[in-house]
There are 2 protein chains.
Amino acid sequence: MLEATLNEAATLKRLLDAVKELVQDANFECNESGINLQAMDNSHVALVSVKLHSDGFALYRCDRPIPLGVNLGSLTKVLKCAKDDDKCTLKATDDGDVLSLKYEAHNADRVAEYDMKLMDIDADTLGIPDTEYDARVTMLASEFTRIVRDLMSLGESVRIEVSKEGVRFASDGEAAQGNILLKQTDAARERYENYGKDDEDEEVKEDDDDDEKPKKTKKKEKVKKEEDADDEDEEMANGEDDEAEFHAKSEDEGEGEEEVSDSEKKKRKRTAASSSKAKAKKKAKKASVESSAEGGAGGVHIEMTQHVNLTFSLKYLVNFSKSASLSDTVQLMLKNDVPLLVSYTFGQGYIRYYLAPKIGDD
Amino acid sequence: MLEATLNEAATLKRLLDAVKELVQDANFECNESGINLQAMDNSHVALVSVKLHSDGFALYRCDRPIPLGVNLGSLTKVLKCAKDDDKCTLKATDDGDVLSLKYEAHNADRVAEYDMKLMDIDADTLGIPDTEYDARVTMLASEFTRIVRDLMSLGESVRIEVSKEGVRFASDGEAAQGNILLKQTDAARERYENYGKDDEDEEVKEDDDDDEKPKKTKKKEKVKKEEDADDEDEEMANGEDDEAEFHAKSEDEGEGEEEVSDSEKKKRKRTAASSSKAKAKKKAKKASVESSAEGGAGGVHIEMTQHVNLTFSLKYLVNFSKSASLSDTVQLMLKNDVPLLVSYTFGQGYIRYYLAPKIGDD
DNA sequence: TTCGTATACG
DNA sequence: CGTATACGAA
């Protein structure tokens, strides 16, 4: 039995907008921690991963894990019948082959109920490698959208290069070739540096739902490298996917995503234990840094341990960038020969896209 | 070697918007005085002439004249990649078959560079007749846009008639026929009359880059005629094109445009010499008249020496009217049986369209 | 300016 | 059929 209420139907609508063009059918995996969706596009070049935390719902109850096999086209149609600010309740029984959606206007004057047939979908539980990326770029989601759309009109693919100069997006086309260089915003860098210096115990916060391992000394090094243009090598952890396609894990291999999730939990606990007294202070500081560096003047924030240079299909990136409606900022995580991670984090969770690079940098 | 920097990429974008639908490929003729473009549409019914003065650029350098053969579609695509307020630098080498465009955000955090292939275009240097028009209508560009669009929905062509009553735009369609009469705005007329009376030496300024010959006595006469409804004939100077198409000059005939330019220079010198002491005063007065008559309350300003009545294809006029984004006001110059001149003047230069009338006033 | 739709084109 | 462009509306 699942029963989950979102205060804004818009969240679901926006999530679906970008996903439905990538995947036709997918399982919404519901469990006590929330709702997850993972799916590959048909060509197995892109992978999308959505998380809605249970505590982001106005009401959430899920007795036992249920996979809800949904045709995303149908769900989109049904969601179109909700107003953006409607309260939206999802219900499904454990054995059920039906998903019920209830939309309620906030003044309770209107209640709409829809039932959607569910389907059985082979649970290609996907192993998402817990990659240690070499570069992270945080930028305005709208700017990312703009860049990939601009380059899309020139050519099919974009080369993304992160160097100490900044991040460069380059595309070659028949009529013209172009590239856009985004420099680390000065204001963002200064704030970032002060942020590091102020508090020796502080670590670079990646994200609310960070993929990476927060090893404090290493993190410090990363920042230093960015400033000193140090090129020394650093070990790769879990860098296991350097091919152009994702591979579905057979189910008995275990759930890759759950593994990631577990390690995240551990990290959070450790962090909390090691510096609990400074917690409140840090939180405040972090918020201010993020709002000024990321949300503020459209600053670009770059962290890098290695020069990276990869080529991707613009078609996918343009598709991903539709999720800009969910968040003001987007994070790009890169490492040579490994899928790019494009991540939008919002109040209730996140949507992450993984895109295999083009091989041979063509 | 050409290197030219515009403070606002929007200027180029807006210029291209209207031109690209008229012409596919055109030469940007660059020389020390600035950048010119002249081209005819495929049917040879319309001609467009663009000028960007070198002193309108933040930086301008052109060692020797270079024609840059540009596919306007490609250039449009590349310009789409610029934000309106980006600083835009154009670069081309003398022998170059490439045009480089650099866009810089004003905070310098983003630098985009594009290279566009150039092409060889037969330089149909066009002879633009140095016509002495019989009527000039200055009006709000937005009003002109509105009128031609409105009439476009009724019929294919518009008859434009300038009489002492004002200027009338009339269209006949199957479902309906309509006409719009714009009277000379009183406020504009008064200011204009005072302006003439105040200073006997003053001449009617046409435009910053006037095509016409400023013959002072004749100009006075024109104003008088407008008031007295005098119908006496006046000789036409250079009225050599009364057919429905423009003719390309072969290159060895000389450059018509340069001729015009030369004669303009002479005129300017003569004017300057004859009344240099009153120059500053005139300038100030001229500015005030222009701002009140043209920019003010949307007044329509009409000067006329002859009753004119011509018919034009609305499709072209609607296209021309897209240049309204470049200037608040538009000037229509008319003379019977001669192409209409539609002129938008802006800070950096102008865009002028010539449109051959429909023959037989159908 | 951004969005959505309509249409023309490949 | 999908894409790209143009136009009108918000």
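In this text the structure is predicted, and so the values were computed from the model without any measurement. Here is the naming used below: chain letters follow the sequence lines, and residue numbers restart at 1 for every chain.
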- Message: Holding to side chain to side chain donor-acceptor pair (under 3.5 Å), I want the full list of residues that pass it with Asp120(B), two or more places apart in sequence or in another chain.
- Response: none
- Message: In whole Å, I'd like the distance from the CG atom of Leu151(A) to the P atom of dA4(D).
- Response: 14 Å
- Using the test ring pair (Phe, Tyr, Trp, His ring centres under 6.0 Å), find all partners of Phe28(B) that sit at least two apart in sequence or belong to another chain. none
- Task: Indicate for each nucleotide in nucleotides 5-10 of chain D, in 5' to 3' sequence, whether protein heavy atoms under 4.0 Å reach the base (B), only the sugar-phosphate (S), or nothing (-).
- Result: SSSS--
- Task: For Ser74(B), enumerate each residue passing the side-chain contact (heavy atoms from CB on, under 4.5 Å) test, keeping only those at least two apart in sequence or located in another chain.
- Result: Ala175(A), Asn71(B), Met116(B)
- Task: Tell me, please, which residues at least two apart from Arg14(A) pass side-chain contact (heavy atoms from CB on, under 4.5 Å).
- Result: Ala10(A), Ser325(A), Leu326(A)
- Would you please name every residue forming a side chain to side chain donor-acceptor pair (under 3.5 Å) with Arg146(B), sequence neighbours left out? Asp150(B)
- Query: Between Asp84(A) (CG) and dC3(C) (C1'), how many Å, whole number?
  - Reply: 14 Å
